[in-house]
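Side chains are part of it too, since the values below use all heavy atoms of this structure and drop only hydrogens, waters and symmetry mates. Worth saying up front: this structure is predicted, and the values here are computed from it rather than measured.
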Amino acid sequence: MTRRELLVGTLGAASLPAKTKIDRLRISAISDEIGKTPQASIDFAKQYDLQFLELRNVPGGKEYSFIPEDQAKLAAADFARNGIRISFMNSSLLKFGWPGTEPVRRRPETDEARAKRLLTESARFERRMDDLRTAIRNCHILGVDLLRVFTGSRVAEPEKLYPRIVDVLGEMAVVAGKENIRLLIENEGSCNIGTSAELTALLKLIPSKWIGINWDSLNGLALHENPFPDGYQALPKERIYNVQIKGKTLLDYPEKLDWKGIFETLQKDGYQGKLGLETHIFGERQIAASHSSMQEILRIVQEL
């Protein structure tokens with residue numbers, strides 16, 4: 001490399017807008033996969049000098065989205081006391097079979113089990129707006145304005161459900177928008193929107209600024225999507241508000257991805273949100289895998 005090339009490269013790096021530069025301050029992690037208790041999750045964050053955590057379930061308990069108000073306030077006080085802010089609220093909103101649909105089943109189901117499932121799913125669908133309002137309340141308490149939603153358990157021909165998904169999410173977006181909460185659809189292989197391409201197609205039908213993307217790069221793999229660059233390039237970049245990183249895409253697994261390349265592309269495209277570790281390596285190795293994954297994330301960040 002010549003002196004001129006080195007200088008140009010240095011100037012290019014220096015000119016990168018501060019908000020698009022991915023550094024430790026923009027790294028987060030889902031709390032229930034990095035610790036067995038809330039305090040253990042906080043300790044994990046402190047060990048790596050993280051300022052943010054994503055929330056899903058209280059480790060060993062219920063979803064933060066739906067816990068009682070007094071418990072949410074206690075959790076918020078605990079995080080604040082430890083200098084931890086919340087970057088994203090992972091809820092299970094709409095992650096079930098919707099009434100009138102027949103999700104693709106991977107395993108046989110008895111008549112009794114099916115009847116019980118349909119009853120439960122019908123009740124969840126009926127209370128979806130109440131659950132949304134509870135989740136919004138807890139988002140406010142915990143100081144986060146990004147809330148995950150899904151698109152119903154996957155049926156054989158998901159695209160036929162797009163108009164209904166648009167109606168359901170549109171109604172929820174009106175409520176969320178009045179509360180300044182953005183609903184982020186996650187591409188999830190078990191749901192009707194499983195790939196980045198499907199998510200892009202759906203978002204063209206939902207122009208609301210209160211609906212965005214939680215991009216999980218690995219989730220489209222089960223539906224034979226190449227996560228990067230193909231899946232990523234299909235997405236409307238301006239609507240990506242959170243990115244999740246599976247441990248298997250960082251460590252020595254067949255699913256490993258070029259995260260340095262992804263980080264560099266996100267920076268170039270002006271991404272300003274957070275990036276959260278979702279270890280997703282279960283069993284006795286989960287906590288150790290969380291540490292290994294976070295160490296790899298931070299190693300990559302240092303090279304940017």
Side-chain angles (χ1 to χ4, degrees), residues 26-38 40-42 44-45 50-68 71-72 75-76 78-79 84-96 124 128 131-153 169 172-173 176 179 181-194 196 199 210-220 239-249 273-282 286 289-290 293-294 297:
R26 294 177 61 193
I27 301 302
S28 186
I30 295 182
S31 65
D32 59 9
E33 295 208 27
I34 60 175
K36 298 298 185 184
T37 66
S41 300
I42 290 171
F44 181 101
L50 305 181
Q51 294 189 6
F52 292 92
L53 286 176
E54 291 190 18
L55 299 182
R56 186 172 54 199
N57 286 20
V58 178
K62 297 181 179 180
E63 292 183 55
Y64 278 100
S65 297
F66 308 126
I67 58 175
Q71 293 181 26
D78 198 23
F79 288 125
I84 300 295
R85 290 179 286 172
I86 307 307
S87 60
F88 187 45
M89 181 73 86
N90 292 274
S91 84
S92 62
L93 282 165
L94 302 177
K95 193 179 184 182
F96 51 85
R124 291 184 71 181
R128 66 190 183 282
D131 284 345
L132 172 64
R133 293 184 180 92
T134 298
I136 288 172
R137 180 201 69 198
N138 287 355
C139 281
H140 286 320
I141 291 171
L142 287 152
V144 56
D145 61 0
L146 301 175
L147 175 65
R148 182 177 69 175
V149 295
F150 291 96
T151 53
S153 297
L169 289 178
M172 297 176 81
E179 298 285 344
I181 299 294
R182 186 170 273 113
L183 305 180
L184 302 192
I185 303 171
E186 179 173 323
N187 57 299
E188 161 60 51
S190 67
C191 291
N192 289 303
I193 298 301
S196 297
L199 184 47
W210 299 109
I211 299 285
I213 296 169
N214 174 50
W215 184 52
D216 188 314
S217 62
L218 188 61
N219 282 355
R239 297 185 77 172
I240 304 175
Y241 289 92
N242 195 62
V243 172
Q244 290 182 331
I245 308 171
K246 291 284 203 304
K248 288 183 177 181
T249 66
K274 305 296 188 299
L275 301 101
L277 169 65
E278 182 184 10
T279 310
H280 225 62
I281 296 172
F282 303 108
Q286 185 175 50
S290 295
S293 298
M294 183 55 66
I297 290 173

Engineer: Could you tell me whether a side-chain N or O of Arg26 sits under 3.5 Å from a main-chain N or O of Gly273, the two making a donor and an acceptor?
Structural biologist: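 Yes, because the side chain of Arg26 sits within donor-acceptor range (under 3.5 Å) of the backbone of Gly273.
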Engineer: Mind checking what makes ring pair (Phe, Tyr, Trp, His ring centres under 6.0 Å) contact with Phe52, not counting sequence neighbours?
Structural biologist: none
Engineer: Under a 3.5 Å distance rule, please check whether Asn138 uses its side chain to pair with a backbone N or O of Ala72 as donor and acceptor.
Structural biologist: no
Engineer: A side-chain contact here means heavy atoms from C-beta on lying under 4.5 Å apart; do Ile281 and Gln286 qualify?
Structural biologist: no
Engineer: Would the distance check show the side chain of Asp216 and the main-chain N or O of Ile245 forming a donor-acceptor pair, the cut-off being under 3.5 Å?
Structural biologist: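 Pair absent, no side-chain N/O of Asp216 close to backbone of Ile245.
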Engineer: Tell me which pairs pass salt bridge (charged side-chain N to carboxylate O under 4.0 Å, His left out) where either residue lies in residues 52-61, with sequence neighbours left out.
Structural biologist: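 Residue pairs passing salt bridge (charged side-chain N to carboxylate O under 4.0 Å, His left out), neighbours aside: Asp32-Arg56, Glu33-Arg56, Arg56-Glu278.
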Engineer: Looking at Asn187 and Ser196, would you say the former's side chain and the latter's main chain have a donor-acceptor pair under 3.5 Å?
Structural biologist: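 No: the side chain of Asn187 does not pair with the backbone of Ser196.
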Engineer: Is a donor on one side and an acceptor on the other found under 3.5 Å between the side chain of Ser41 and the backbone of Ile34?
Structural biologist: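 No; judged by distance alone, with no hydrogens or angles, the pair does not exist.
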Engineer: Just by distance, do the side chain of Thr151 and the backbone of Ile193 share a donor-acceptor pair under 3.5 Å?
Structural biologist: yes
Engineer: Hey, what do you get for CE (Met89) to CG (Leu142), rounding to the nearest 0.5 Å?
Structural biologist: 5.0 Å
Engineer: Indicate yes or no: at least one non-hydrogen side-chain atom of Ser92 is less than 4.5 angstrom from one of Phe66.
Structural biologist: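 A side-chain contact under 4.5 Å exists here.
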Engineer: Please answer whether the main-chain N or O of Gly212 pairs with a side-chain N or O of Arg239 as donor and acceptor at a distance below 3.5 Å.
Structural biologist: no
Engineer: Would you mind telling me which of Thr249, Leu277, Asn90 makes a side chain to side chain contact (heavy atoms under 4.5 Å, CB included) with Gln244?
Structural biologist: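 Exactly one option meets the side chain to side chain contact (heavy atoms under 4.5 Å, CB included) with Gln244, and it is Asn90.
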